[in-house]
Amino acid sequence: MPSEAIAFALNTPGHLRFPSTRTLAECFDEVGGYVETLPTGHLNFYRPDGRRFLATDPVGHPLHECEWETTPVGTVSLTQARVRLDWGQWIGIRPGGLVNETSLNLVAKPNWRRITPDDLRAMAAAALRVSIEEVQWFYRDEDFAIDPNGMATIRQRKDAFYVLDDGGFEATRFMACMGAMHWAEIDFLPVVELFKSLLPGTGSAVFELIRGLYDDQNKGRSAPRVLRYRGIPTYPSEAAFRLFSGFFTPQPLDGEDPFTAFMNPSKSHLLVWQPAQHPPVRYFDEGQGLCLTVKNEIAQKATLTEDPTGLPYVSSICRRVVPLDRSLRVEGSLLILKDRETELTLPLNPDLLVRPSPHDECPISPVDWRTVFVEGVPEIPAAEAFEAVPLFPEDDREIGELAAQSFVADYLDDLGEQDREVGRVRSQAERVLIANGDAVISTCILFDRPRDYTVNVRSVAYARRQAQQLWTQCAEVQCWDWLERIRMVTEDTCEESLTNSGPYDLIYQWLPYDSFDSSTTIRTIVARLNHMLRRGGNAFVVGPVYLGELLTQDQSRLLVHWDQSVASLPTVLMHKTILPRARVKPGLTLFHVGRL
């Protein structure tokens, strides 16, 4: 099998997309390339200098591809990489692909001509409230420049993640970024920014690459390099801890539980991580459209490429609740995938190193996530289901409608905690309408007590993803009756349902961008808002700046309490610290409206 798998890996069109790796594959044996077979049967392919350029499963299905460059002085750097997600989509990584520049006028500072990069690092550390050691980690001397007129330029390099629409870098969409890794000598665990934009499975696929390169670089050492979580700042979360723990093992910090220490922002960067003995490995079965993740010969996760739910099946071992009631188990040579009462049985490759699953089945939850859709879950292609995440441009292109919704929803969520009146409006509402906020439905729903929520759905893929998130939140607090009072209706069938569920105490209304140039359409939306909102009720409405005039027209009983440009919201300004050229739709405005 290894020779067949090697030939399949190197010679199959699409497995290698970088010109240098394709050239290397064509003369692999002649130039001294070599292959390493892991105990699990997985294959790693190396350049003559020992740098990995391809990793595959035992059959030869590619997992990731790397392109390296040797500089004139002999150093080696990673120029680009691709990782394959469980459902077949490829993600690209460009080291240092995102560069932000900051300018400082140093002339007013005493002896500015003597200011060094270390002085600038000290200034940055003070401004960011982090140690200078952290700044040194991410800012090299070449990232600083001071011109003869005293203007300093500071460059912040980040590794950029891209969706590769056809598997290569020819057609890309920016997805997220993280602190620039030292790929030639991996020495820390990174902070991912815009993590909500990551396509499903990105984190584990990228860490599969990180762990693979880390293992390559630690061969022959008496002890592997220990790693710490580094970023400016770090963003510790339970999800990050679970991801890291799959590939590396945290060590107790002064006797404190590793998870507790990690979740403390002042300590998370102090925790030491060492390589886990059995990191997860993946197996692809293209005939069945299946990717199976196995850890220490126990099946952990299974993903079907054509699954319209856009969700994996996971092991129920040591779980109180199985996410979305989708579990898996292995019985003999069979993989059994269970979605509530429905089971799908698939044969496993007899050469697969996987043991039968221990009997540890969790009970099915009382409520299915699909029940929030009044007329049943609208069907969509599997790719749309998997890709329902907000993407933001890395440049000055206008941020899309769905992605921009998060700025308003997150702002209102924060404002509800800081502003007594907004907090009262949100908490006292009994009937709530969410109209056209498909990317942020779960943010608009409070989990303090049950309420009646009606959701007008325009983008089915995003609404489905939000329904799944709402199920997860209800599962955490075991309040299933809350989920039963959330009703989603699609735009083309919603009029009667909206009328029957009203009048509403609170409405979240996003006007579609394609309505902004039609005063007739906007007047219709305002009239509906006037009709749906009860007397004394409140609405948060997002639309063009001139919407304020229409909201208070002569026949309207609406009153604008306040309005604010979306571009000036703190959430947008925070986003611009990551992507400085970010730009929302001109004139986009948030209105707080009441009905007289």
Side-chain angles (χ1 to χ4, degrees), residues 98-103 127-129 156 158 160-161 173-179 191-198 231-233 235 237 388-419 421-423 425-426 434-445 458-459 462 466 508-516 539-548 551 560-593:
L98 184 65
V99 180
N100 297 331
E101 291 190 355
T102 302
S103 296
L128 297 169
R129 298 181 180 179
Q156 184 184 27
K158 298 180 181 181
F161 294 159
R173 286 176 288 157
F174 177 77
M175 183 173 62
C177 57
M178 65 183 181
V191 170
V192 175
E193 297 175 305
L194 303 177
F195 61 89
K196 290 184 179 180
S197 294
L198 297 178
I232 304 178
Y235 299 97
S237 67
V389 299
L391 296 182
F392 300 88
E394 62 186 313
D395 51 24
D396 61 356
R397 285 173 295 172
E398 184 181 292
I399 295 171
E401 179 177 349
L402 285 162
Q405 291 175 2
S406 63
F407 298 134
V408 174
D410 290 343
Y411 170 71
L412 290 175
D413 205 33
D414 293 339
L415 193 62
E417 297 180 1
Q418 302 163 8
D419 184 287
E421 177 60 21
V422 173
V425 165
R426 283 162 53 91
I434 303 169
N436 191 37
D438 301 317
V440 292
I441 296 167
S442 62
T443 308
C444 296
I445 292 179
R458 200 164 189 246
S459 173
Y462 281 79
Q466 292 291 299
Y508 296 92
Q509 173 79 65
W510 276 265
L511 271 67
Y513 281 8
D514 57 18
S515 71
F516 282 22
F540 296 105
V541 186
V542 180
V545 65
Y546 72 83
L547 175 63
L551 287 168
V560 175
H561 294 303
W562 51 258
D563 62 76
Q564 188 167 355
S565 164
V566 172
S568 69
L569 296 180
T571 45
V572 174
L573 300 180
M574 178 63 69
H575 181 80
K576 288 171 74 71
T577 64
I578 301 172
L579 300 174
R581 293 189 288 168
R583 183 173 63 88
V584 297
K585 191 172 188 63
L588 192 65
T589 305
L590 166 64
F591 299 89
H592 177 197
V593 179

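Atom set for the values below is all heavy atoms of this structure, side chains included, hydrogens, waters and symmetry mates excluded. Along the sequence shown, the residues carry numbers beginning at 1.
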field: Separation of Leu588 CG from Leu547 CG (nearest 0.5 Å)
entry: 10.5 Å
task: Taking the side chain as every heavy atom from C-beta outward, state whether Leu590 and Trp562 have any pair of such atoms under 4.5 Å apart.
output: yes
Interatomic distance, Glu193 atom CD to Ile578 atom CD1 [nearest 0.5 angstrom]: 4.5 Å
message: Under the rule for side chain to side chain contact (heavy atoms under 4.5 Å, CB included), what residues qualify as partners of Ser237, not counting sequence neighbours?
response: Ala239, Ala240
field: Pairs involving residues 564-574, ordered by first then second residue, that meet salt bridge (charged side-chain N to carboxylate O under 4.0 Å, His left out) (sequence neighbours left out)
entry: none
- line: In terms of heavy-atom contacts, Ala176 and Val192 come closest through CB-CG1, 4.4 Å
task: Determine, stepwise, if the pair Gln405 / Leu402 fulfils side-chain contact (heavy atoms from CB on, under 4.5 Å).
output: CA-CA 5 Å; Gln405 291 175 2; Leu402 285 162; 4.0 Å; yes
message: Is any side-chain heavy atom of Phe161 closer than 4.5 Å to one of Met178?
response: yes
query: Which residue pairs pass the salt bridge (charged side-chain N to carboxylate O under 4.0 Å, His left out) test when at least one of the two sits in residues 396-407, sequence neighbours left out?
result: Asp395-Arg397, Glu398-Lys585
query: Taking only residues two or more places apart in sequence, or in another chain, which ones meet Val545 in a side chain to side chain contact (heavy atoms under 4.5 Å, CB included)?
result: Thr589
message: side-chain contact (heavy atoms from CB on, under 4.5 Å) for Leu194 and Leu579? Distances and angles first, verdict last.
response: CA-CA 10 Å; Leu194 303 177; Leu579 300 174; 3.9 Å; yes
- prompt: Going through the checks in order, is the side-chain contact (heavy atoms from CB on, under 4.5 Å) test met by Asp410 and Leu569?
  reply: CA-CA 10 Å; Asp410 290 343; Leu569 296 180; over 6 Å; no
message: Any heavy-atom pair between the side chains of Pro393 and Ile399 that's under 4.5 Å?
response: yes
field: Spatial distance of atom CZ (Arg581) from atom NZ (Lys576) [nearest 0.5 Å]
entry: 10.5 Å
- request: Rounded to the nearest 0.5 Å, what's the gap from CG on Asn436 to CD1 on Ile441? Could you check?
  value: 9.5 Å
- request: Tell me, with the steps shown, if Val389 and Lys196 meet side-chain contact (heavy atoms from CB on, under 4.5 Å).
  value: CA-CA 7 Å; Val389 299; Lys196 290 184 179 180; over 6 Å; no
message: Any heavy-atom pair between the side chains of Trp510 and Val408 that's under 4.5 Å?
response: yes
- line: Distance col, row Leu98:CG vs Cys177:SG, nearest 0.5 angstrom, shows 5.5 Å
statement: Hits for side chain to side chain contact (heavy atoms under 4.5 Å, CB included) against Ser103, two or more places apart or cross-chain, chain-then-number order -> Met151, Thr153
task: Identify the heavy atoms of Val440 and Ala409 that sit nearest to each other, and give their distance.
output: CB-CB, 3.6 Å
query: Got more than 12 heavy atoms from elsewhere within 6.0 Å of CZ, Phe516?
result: yes
field: Any residue meeting side chain to side chain donor-acceptor pair (under 3.5 Å) with Tyr411, in chain and number order, not counting sequence neighbours
entry: Gln564
- prompt: Is any side-chain heavy atom of Asn100 closer than 4.5 Å to a side-chain heavy atom of Lys158?
  reply: yes
task: Using side chain to side chain donor-acceptor pair (under 3.5 Å) as the criterion, list what pairs up with Gln466, not counting sequence neighbours.
output: Ser442
- request: Mind checking side chain to side chain donor-acceptor pair (under 3.5 Å) for Asp413 and listing every partner two or more places apart, or none if nothing turns up?
  value: Arg426
statement: Applying ring pair (Phe, Tyr, Trp, His ring centres under 6.0 Å) to Phe591 and not counting sequence neighbours gives none
Contact summary for Val572 and Ala567, nearest pair of heavy atoms: CG1-O, 3.6 Å
Minimum side-chain heavy-atom gap Thr443-Ser406 below 4.5 Å: no
message: Applying ring pair (Phe, Tyr, Trp, His ring centres under 6.0 Å), can you list everything that pairs with Phe407, at least two apart in sequence or on another chain?
response: Phe392, His575
- prompt: Any idea which heavy atoms bring Val593 and His561 closest together, and the distance?
  reply: C-CD2, 3.9 Å
query: Who passes ring pair (Phe, Tyr, Trp, His ring centres under 6.0 Å) against Tyr462, sequence neighbours left out?
result: none
